[in-house]
Amino acid sequence: MTFADAVAAAGVVGIGVSFALSPEHIEDGPVICPFRALTGLPCPGCGLTRSWVYAAHGWWRDSFASNPFGLVVVAGILALAVVVVRRRLQRQAPPDLDKVLRHPVALTIGGVWLAFGLVRLVLAI
């Protein structure tokens with residue numbers, strides 16, 4: 001099993017779990033972000049769990065409000081899973097994640113995500 005296989009599998013499991021969690025009670029859960037638990041401030045990833053749960057249940061506005069990059073991450077995981085499965089069925093090597101993450105599109109999304117996180121952090125102070 002390669003790293004791409006593991007990331008795709010873990011991501012699909014995470015998406016599956018989001019279907020099992022209730023969107024009505026997701027706000028009542030504990031703070032699982034170590035940065036937020038220590039500082040009380042949001043990191044760029046804060047809200048991803050809620051975003052995934054809301055998306056899994058079709059609550060698109062709430063998903064986007066929790067973290068607009070939640071839907072981007074779900075789409076990326078699903079795309080990776082499809083590519084990994086397709087390549088495995090064709091007996092080819094899965095994609096090299098280092099190469100994928102160095103692609104200009106991935107770098108742009110990452111940069112925008114970090115800028116979003118910085119803006120949200122500054123607004124929370």
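All residue numbers refer to positions in the sequence shown, counting from 1.
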Which residues satisfy the side chain to side chain contact (heavy atoms under 4.5 Å, CB included) test with [X], sequence neighbours excluded?
| X | answer |
| --- | --- |
| V122 | none |
| D96 | D98, K99 |
| V83 | R86, R87, P95 |
| V17 | V13, L21 |

- Do L97 and V84 share a hydrophobic cluster (ILVMFWY, side-chain heavy atoms under 4.5 Å, transitive)? yes
- Query: Between atom CG of L118 and atom SG of C43, what is the distance when rounded to the nearest 0.5 Å?
  - Reply: 11.0 Å
- Query: If you measure from CG on L107 to CG on L101, what distance do you get to the nearest 0.5 Å?
  - Reply: 8.0 Å
Show every ring-ring contact (aromatic ring centres under 6.0 Å, His included) that has at least one partner inside [range], sequence neighbours left out.
| range | answer |
| --- | --- |
| residues 31-57 | Y54-W59 |
| residues 3-25 | none |
| residues 85-109 | none |

- Note on the structure: T39 meets the side chain to side chain donor-acceptor pair (under 3.5 Å) criterion, sequence neighbours left out, with none
- side chain to side chain donor-acceptor pair (under 3.5 Å) partners for R120, two or more places apart: none
- Would the number of heavy atoms belonging to other residues, nucleotides or ligands and lying under 6.0 Å from CD1 of I32 be above 12? no
- Item | Members besides V119 in its Ile/Leu/Val/Met/Phe/Trp/Tyr cluster (side-chain heavy atoms under 4.5 Å) | L123
- Note on the structure: The salt bridge (charged side-chain N to carboxylate O under 4.0 Å, His left out) partners of E24 (sequence neighbours excluded) come to none
Can you give each donor-acceptor pair under 3.5 Å made by side-chain atoms of residues 63-80, sequence neighbours left out, with the distance rounded to 0.1 Å?
{"residue": "S63", "atom": "OG", "partner": "S51", "partner atom": "O", "Å": "2.9"}
{"residue": "S63", "atom": "OG", "partner": "S51", "partner atom": "OG", "Å": "2.9"}
{"residue": "S66", "atom": "OG", "partner": "D62", "partner atom": "O", "Å": "3.0"}
{"residue": "N67", "atom": "OD1", "partner": "F69", "partner atom": "N", "Å": "2.9"}
{"residue": "N67", "atom": "ND2", "partner": "P44", "partner atom": "O", "Å": "2.9"}
{"residue": "N67", "atom": "ND2", "partner": "C46", "partner atom": "O", "Å": "3.0"}

